[in-house]
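The chain is numbered in sequence order, starting from 1.
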Amino acid sequence: MQKLIGLLAHYPPYQLVHAAEMVRETFEQFYQARYQLTVPQWRLMMVLGPNYPISQKELVEASGMDKVRISREIHRLGEKGILHAQSSEQDKRVSLVSLTEQGEALFLQLKSEAGSWQHTLTDYLPSEARQSIRQHLQSVSEAIEQLHKLDEEQQP
């Protein structure tokens with residue numbers, strides 16, 4: 001396995017995944033220690049914060065997480081008193097999720113902390129590297145979108 005890792009170390013997709021995993025671990029440690037939140041819970045809070053009430057379906061679309069994960073995290077955050085879900089008055093099949101007062105206060109803290117965490121991470125990078133990383137990540141995202149479009153065009 002060590003040889004495989006050695007070979008993978010020079011493979012850009014692996015390098016991206018590895019860097020993302022390291023950032024995620026550091027990010028999760030930061031928010032777990034301060035707020036007892038996981039990364040998925042943080043993502044939900046950041047999507048929900050300025051947009052509530054919002055349906056679970058909209059949360060799935062906006063967060064990029066699957067329905068089961070969203071449902072599980074809504075339940076966990078509900079148990080913590082951070083948010084609550086209720087049926088829509090227009091359509092009882094639709095569950096609308098909202099922040100509680102405690103959740104609103106937490107969202108405001110998270111919002112201000114997000115910038116400081118990013119600065120803490122990027123303080124160790126020269127300013128040219130920060131800009132370059134943003135540009136390269138944007139380029140990678142655009143290339144992946146093009147690949148998806150090609151795949152869709154080739155499907156019958």
Side-chain angles (χ1 to χ4, degrees), residues 1-32 35 37-78 82-83 85 87-88 90-99 103 107-108 110-156:
M1 188 69 171
Q2 192 64 20
K3 284 186 179 182
L4 183 62
I5 297 297
L7 292 173
L8 286 175
H10 303 289
Y11 182 57
Y14 172 79
Q15 291 171 323
L16 282 169
V17 168
H18 182 66
E21 287 172 353
M22 290 185 344
V23 168
R24 181 189 171 96
E25 280 180 24
T26 305
F27 188 83
E28 189 150 47
Q29 289 169 1
F30 181 87
Y31 283 99
Q32 184 67 41
Y35 303 106
L37 291 176
T38 63
V39 171
Q41 290 169 348
W42 179 89
R43 283 170 64 183
L44 272 183
M45 292 291 299
M46 297 310 284
V47 169
L48 189 58
N51 298 305
Y52 68 91
I54 186 171
S55 72
Q56 287 187 339
K57 181 180 180 185
E58 291 169 314
L59 280 171
V60 167
E61 292 168 3
S63 70
M65 293 188 287
D66 65 69
K67 290 189 282 187
V68 173
R69 185 63 178 261
I70 293 283
S71 180
R72 192 174 329 145
E73 299 307 339
I74 287 171
H75 178 75
R76 289 179 179 147
L77 289 171
I82 294 171
L83 56 80
S87 295
S88 167
Q90 289 84 15
D91 185 345
K92 298 295 181 194
R93 297 170 296 171
V94 174
S95 181
L96 297 175
V97 182
S98 297
L99 293 174
F107 169 73
L108 293 174
L110 294 174
K111 188 176 165 186
S112 68
E113 286 267 338
S116 68
W117 186 85
Q118 178 184 334
H119 288 296
T120 300
L121 177 66
T122 58
D123 281 349
Y124 295 98
L125 297 171
S127 62
E128 313 82 51
R130 281 179 251 164
Q131 185 61 26
S132 178
I133 287 170
R134 283 188 192 100
Q135 290 171 341
H136 291 304
L137 288 173
Q138 181 64 37
S139 295
V140 167
S141 293
E142 290 168 3
I144 290 170
E145 285 179 25
Q146 290 300 318
L147 287 173
H148 286 296
K149 286 179 184 176
L150 285 173
D151 283 346
E152 289 172 6
E153 291 171 4
Q154 293 175 358
Q155 304 224 349

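- In this structure a side-chain-to-backbone donor-acceptor pair under 3.5 Å is present from S63 to L59.
- Here CG of L37 is found 6.0 Å from CG of L110. Values are rounded to the nearest 0.5 Å.
- Counting all heavy atoms, side chain and backbone alike, R43 lies closest to G64 at NH2-C, 3.8 Å.
- The two residues L99 and G49 come nearest to each other via the heavy atoms CD1-CA, 3.7 Å.
- Atom NE2 of H136 and atom CD of Q131 lie 10.0 Å apart (nearest 0.5 Å).
- Screening residues 125-140 for salt bridge (Lys or Arg N to Asp or Glu O under 4.0 Å) gives no qualifying pairs among residues at least two apart or on separate chains.
- Among residues two or more places apart in sequence or in another chain, the salt bridge (Lys or Arg N to Asp or Glu O under 4.0 Å) test is passed with E61 by none.
- Judged as a side chain to side chain donor-acceptor pair (under 3.5 Å), and not counting sequence neighbours, the contacts of E142 are Q138.
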For a quick test of your reading: what N or O donor-acceptor pairs under 3.5 Å do the side chains of residues 15-28 make, sequence neighbours left out?
from : atom 1 : to  : atom 2 : distance (Å)
Q15  : NE2    : A9  : O      : 2.7
T26  : OG1    : M22 : O      : 3.0
E28  : OE2    : V39 : N      : 3.1

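- Closest of all the heavy-atom pairs between E113 and Y31 is C-OH, 3.5 Å.
- With sequence neighbours excluded, no residue forms a side chain to side chain donor-acceptor pair (under 3.5 Å) with D151.
- Here the CG atom belonging to L83 is positioned 6.0 Å from the CG atom belonging to L48, to the nearest 0.5 angstrom.
- Side chain of T38 to main chain of Q41: a donor-acceptor pair is present (N/O by atom type, distance under 3.5 Å, no hydrogens or angles).
- When all heavy atoms of S55 and V94 are compared, the closest pair comes out as CB-CG1, 3.8 Å.
- Annotation: salt bridge (Lys or Arg N to Asp or Glu O under 4.0 Å) contacts of R76 (sequence neighbours excluded): E73.
- In this structure, I70 and Q56 approach most closely via the heavy-atom pair CG2-O, 4.4 Å.
- If you take CE on M45 and CD1 on I82, they are separated by 5.5 Å, rounding to the nearest 0.5 Å.
- Going from atom CZ of R72 over to atom CG of L44 covers 11.5 Å, rounded to the nearest 0.5 Å.
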